[in-house]
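Let me begin by presenting the structure, written as structure tokens, before commenting on it.
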Amino acid sequence: VRVLDFTWVWAGPFCTQLLADLGAQVIKVESERRIDNTRRGRLPNGTPKGLNRNAGHNQLNRGKWSINCDLTRPEGREIILRLASVCDAAVENFAPRVLPALGLGYAELAEVSPQIVMLSMSGLGATGPLRDTVLYGNSQLAMAGMGSLLGYTDGPPENIAYAHGDPVNSYHAFYAILAALWSRARTGRGQHIEVSQLEGLMATMPEGVLEVTMHGREPVRRGNDRPPMAPHNEYHGRDPGSWLSIAVRTNDEWDALCAVMGWPAWTEQPEFADRLSRWRNRADLDRYIAEWVGEHEVHTLAATLQERGVDAAPMETVRDLVQDPHLRDRDFFVEIDHPETGPKGAIGRPFGLTRSAMPPYRNAALFGEHTDTVLRDLLGCADDEIYRLRASGALG
Amino acid sequence: MPNAALDGLKILELGEDAAGAYCAKLLADLGAEVIKVEQPAHGDPARSLPPFAGDIAGPDRSGVFLYLNSNKLGITLDIEHPSGRTILFDLLASSDVLIETLGPARATALQLDYKRLGQQFPELVVTSISPYGQSGRHSNWKGGELTIWNASGYAVLTPAGAHGEEEPPLHTQSAQVASLSGANAAGATMAALLDRDLYGEGQQVDISEQETMIAALAPQLADHFYEGNVVWSRTHPRLNTMKFLPCKDGYVSLLLTQPDQWDRMQEWMGNPEWLSSIEYRGTQGMTQNWDVISFMLSEWFSDKNKEEIFREGQARHIPIGPVNSIAEALESPQIREREFMATVRHPVAGEVELPGAPYRFSETPWRLLRPAPGLGEHNQTIYQTRLGYGREQVEELYETGII
């Protein structure tokens, strides 16, 4: 599978990263005129300046090819159309007007490549009165109403300090494009898929949405409560800044939790005798449990609880995660060599396929690294043609 | 009417994790035939999740269950019982995919581990979704929305901004872990099916919810590998810059990452004096001075409504948006004009308005063909018509509680 990749920043590149992780040949189109912002992202102190050294960029673009091609020049457009004719799929996350205005929308790509599957991602969708809205993923989730669900009881709405809307969109797009490719293998027909990040977010929050559509009630913010589970909360551990989450659903899990705590006298009180009582008296319950957790190291305690069948997990920081023995067992973190940064750690693919040989991890391409290779090997351009194209500025 | 994208694909869904239900829903919505297998006694625990139609709890009244299981067929089958497993194997013989969330230990105990299934059904794709994946020392740990949020590193970023070490991290009150893991699993399942069609062999797809969520955070976590000292802690000052800002009638969400965005913001505010006296352009200046900046911005927003701020800001190409309630989000002209929401008519729950699909296919659009099944609603269809069991045999299965 070969993918023509116009994506940049985050949501788009993560989607095509997942495709590259599976072994697709992803050809990312870049140009001097439009450099992926992440290439210009923050660099560690003392690092020489350059377009190939940003951590986030190199993570999201590993294993892809990079060509330089200026879409605004006629020669550049011509190259893209020729490439489209040898690609199975195309992915883009421009503002909805951009590619059609350049004569590179789905209609034009499908003309030269009738079987192509093209996927367009945008913040609020390619149609509708607000389609030109400019927002990052952290504000998308505010628009979707997710911020209004998040907050302490009786407190203001809270945000996630992260463009969480982006990966929500990426995973949905990853599935959509493979489903369309599977369909194409059966029917021989390509198509255009349009993905809106706002709609994707709303698809992931049915509880809140249904509360409104079924009852016209706005859900209340309630910290970490999740009726009827109790205990269901975060508890501060012995060490500064450490937290342990515990979620108890069944009576067996409650008994197991009590056993780990050593059946202190308070657990025998009638207020905590059954699920409903525990839910009603969760404020007292939380106080007792917080006191107990506060005496323990959270990683050790999580392991003890899980051994007894209680759902518990510490709040992990990235430093914890890279040392996590379980993730090491699974070889989840990998090391990828790179000509400019040297070998660096990276986060592995989020899926395992037992039989298919997964391609080895390759570094993110240097800016424009594969321009000549792609023109020569995929489009059959001779050296003098490449020379002419470069002179015209189309490869800038 | 165009064909559905996944027309002809036959899928069996087993297990009680919402990630599996969401994965199977995504496949069913694009036209795959999904048979949901539930335990005869209680069915899927999601049947007891609020909100309920008419505010009355009941197995066919849960809105969340209706959402996650529309377009599916439903049968009951006791997979703990040896005869139940024999029937399951009959069903697997004519399936392309099994989606299961049993966890490796339970799957092995039930003799439903991939070692056995792969031998018996070499062309079957088995998609196994579990909190921590199929291998490794935590592979049989329990996990859910709250705990995987913690175990993936997300909790550090929630809520945005320091509330002090004494305030706990917050969960989103929505099924982020199940949704992202389900979508990831659906994508990987399609990849395995494309591969099977080429090479004639199935395989197991191993989806860890923890890893799905870590990968979603990857660009943020990647800093760690380049600058070992950058550890996102809850009190990192940069997290403050993503907090919502109060305005006259609520809150707005603003993030300025480019110098020209600040220029336009400054112009919008009438080039106030305070802005020229501090360094705010660039991440570092903005982070260091965020207390002052956020205070002054809030003051300037304090006599403006969020819709007005949204409109005026967007007219200046400033990435600012309203913090909507769910009702406001649903009433947004964007959601309404694009007809995102879909209505399903259910015999017990009545008419229910559900979120639609997160993508639009030009040739093979998603369709809402049938409401979520009642417990065992399609037993007859599947056991008699599909598997060809006789009526007496099916009655006996009912009597023995196997279905």
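Chain identifiers are assigned alphabetically (A, B, ...) following the order of the sequence lines, protein sequences preceding nucleic acid strands; residue numbering begins at 1 within each chain.
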Ala155(B) and Glu234(A) have their tightest heavy-atom pair at CB-OE2, 4.5 Å
Considering only heavy atoms and a distance below 4.5 Å, find which of Glu328(B), Glu201(B), Arg238(B), Gln134(B) pairs most often with chain A. Glu201(B)
Short question: side chain of Glu211(B), backbone of Arg349(A) - any donor-acceptor pair under 3.5 Å? no
Is it true that Arg355(A) and Asp195(B) have a side-chain N and a carboxylate O under 4.0 angstrom from each other? yes
Below 4.5 Å, heavy-atom pairs only: which of Met121(A), His57(A), Gln17(A), Arg217(A) has the largest tally toward chain B? Arg217(A)
Between Glu353(B) and Thr213(A) (side chain of the first, backbone of the second, donor and acceptor by atom type, cut-off under 3.5 Å), is there such a pair? no
Winner by heavy-atom pair count (cut-off under 4.5 Å) against chain A, out of His171(B), Gln176(B), Arg336(B): Gln176(B)
Considering only heavy atoms, which portion of Leu49(B) lies under 4.5 Å from any heavy atom of chain A: side chain, backbone, both, or neither? neither
Non-hydrogen atoms of chain A under 4.5 Å away: do they reach the side chain of Val156(B), the backbone, both or neither? both
Out of curiosity, Ser362(B) OG to Met118(A) CE, how far, rounded to the nearest 0.5 Å? 11.0 Å
Does a donor on one side chain and an acceptor on the other come within less than 3.5 Å for Thr257(B) and Tyr136(A)? yes
Count the heavy atoms of every other residue, nucleotide or ligand shown that sit under 6.0 Å from CZ of Arg131(A), and state whether that count exceeds 12. yes
Distance from Lys344(A) atom NZ to Phe225(B) atom CZ, nearest 0.5 Å? 10.5 Å
Could you give me the CA-CA distance, side-chain angles and deciding distance for Arg360(B) and Glu199(A), then say whether side chain to side chain contact (heavy atoms under 4.5 Å, CB included) is met? CA-CA 11 Å; Arg360(B) 286 153 202 257; Glu199(A) 291 169 356; 2.9 Å; yes
Quick one: does any side-chain atom of Ser139(A) pair with a main-chain N or O of Gly321(B) as donor and acceptor, under 3.5 Å? no
Below 4.5 Å, heavy-atom pairs only: which of Ile214(B), Val352(B), Ile148(B), Val125(B) has the largest tally toward chain A? Ile214(B)
Worked check of side chain to side chain contact (heavy atoms under 4.5 Å, CB included) between Leu180(B) and His164(A): CA-CA 11 Å; Leu180(B) 270 67; His164(A) 177 63; 4.0 Å; yes
Which atoms form the tightest heavy-atom contact between Trp243(A) and Pro169(B), and what is the distance? CD2-CD, 3.5 Å
Would you check if the side chain of Tyr67(B) reaches a backbone N or O of Ala203(A) as a donor-acceptor pair within less than 3.5 Å? yes
Once rounded to the nearest 0.5 Å, what's the spacing between atom CG of Asn159(A) and atom CG of Leu255(B)? 9.5 Å
Assess the residue pair Val168(A) and Ser179(B) against the criterion (side chain to side chain contact (heavy atoms under 4.5 Å, CB included)); give the C-alpha distance rounded to whole Å, side-chain angles, the decisive distance to 0.1 Å, and a yes or no. CA-CA 8 Å; Val168(A) 171; Ser179(B) 303; over 6 Å; no
Where does Asp7(B) contact chain A at under 4.5 Å (heavy atoms): side chain, backbone, both or neither? backbone
Please work out whether the ring planes of Tyr132(B) and His326(A) are parallel, tilted or perpendicular, with thresholds of 30° and 60°. perpendicular
Tell me, do Glu207(A) and Gln173(B) make a side-chain contact under 4.5 Å, heavy atoms counted? no
CG/Leu146(B) to NE2/His232(A) distance, rounded to the nearest 0.5 angstrom? 4.5 Å
Do you know which of Pro355(B), Ala178(B), Ala215(B) has the most heavy-atom pairs with chain A at a distance under 4.5 angstrom? Ala215(B)
Let's go through Asp206(B) and Arg330(A) carefully: what are the C-alpha distance in whole Å and the side-chain angles of both, what is the deciding distance for salt bridge (Lys or Arg N to Asp or Glu O under 4.0 Å) to 0.1 Å, and is it a yes or a no? CA-CA 11 Å; Asp206(B) 172 8; Arg330(A) 288 173 59 80; 3.1 Å; yes
CE of Met205(A) to OG1 of Thr172(B), rounded to nearest 0.5 Å, is 9.0 Å
Arg226(A)/Glu145(B) ion pair, N-O < 4.0 Å: no
Supply the atom-to-atom distance Tyr154(B) OH to Met315(A) CE, rounded to the nearest 0.5 angstrom. 15.5 Å
So do Glu363(B) and Thr187(A) actually touch side chain to side chain, heavy atoms under 4.5 Å? no
Please flag which part of Ile320(B) lies under 4.5 Å from any non-hydrogen atom of chain A: side chain, backbone, both or neither. backbone
Turns out that what part of Glu337(B) lies under 4.5 Å from chain A's heavy atoms comes down to side chain
Check each atom of Leu26(B) against the heavy atoms of chain A and say whether the ones under 4.5 Å are side chain, backbone, both or neither. both
Quick one: are Glu227(B) and Thr47(A) in side-chain contact, heavy atoms under 4.5 Å? no
Is there side-chain contact between Tyr226(B) and Asn54(A), with at least one heavy-atom pair below 4.5 Å? no
Minimum heavy-atom separation for Pro219(B) and Trp10(A), please, with both atom names. CG-CZ2, 3.0 Å
Let's test your reading of the structure: which of Ser148(A), Pro44(A), Gly56(A) forms the most heavy-atom pairs below 4.5 Å with chain B? Pro44(A)
Which one of Leu18(A), Leu60(A), Leu124(A) has the most heavy-atom pairs closer than 4.5 Å to chain B? Leu124(A)
For each of Leu170(B), Leu9(B), Thr189(B), Val205(B), tally heavy-atom pairs with chain A at distances under 4.5 Å, and name the one with the top tally. Leu170(B)
Sort Glu209(B) into side chain, backbone, both or neither according to what part of it lies under 4.5 angstrom from a heavy atom of chain A. neither
Begin with the C-alpha distance, continue with both residues' side-chain angles, and end with the deciding distance and a verdict on side chain to side chain contact (heavy atoms under 4.5 Å, CB included) for Ile335(B) and Met143(A). CA-CA 11 Å; Ile335(B) 291 296; Met143(A) 265 202 93; over 6 Å; no
Using modelled atom types and a 3.5 Å cut-off, is there a donor and acceptor pairing between side-chain atoms of Gln306(A) and backbone atoms of His138(B)? no
Using a cut-off of under 4.5 Å on heavy-atom pairs, state which of Leu43(A), Val322(A), Ile160(A) scores highest against chain B. Ile160(A)
Side chain to side chain, Met242(B) and Tyr162(A), heavy atoms closer than 4.5 Å: no
Would you find a donor on one side and an acceptor on the other, under 3.5 Å apart, between the side chain of Asp311(A) and the backbone of Thr147(B)? no
Look at the side chain of His215(A) and the backbone N and O of Phe52(B), then say whether any donor-acceptor pair between them is shorter than 3.5 Å. yes
Checking Ile318(B) against chain A: side chain, backbone, both or neither under 4.5 Å from a heavy atom? backbone
Counting only heavy atoms closer than 4.5 Å, note whether Ser332(B) contacts chain A via side chain, backbone, both or neither. side chain
Less than 3.5 Å apart, any donor N or O on the side chain of Glu158(A) or Thr158(B) sitting next to an acceptor on the other? no
Looking at Leu22(A) and Ala191(B), what are the two nearest heavy atoms and their distance? CD1-CB, 3.6 Å
Ignoring hydrogens and geometry, is there a side-chain-to-backbone donor-acceptor pair from Asn150(B) to Ala313(A) under 3.5 Å? yes
Option in Ala327(B), Gly153(B), Ser325(B) with maximal non-hydrogen atom pairs under 4.5 Å from chain A: Ser325(B)
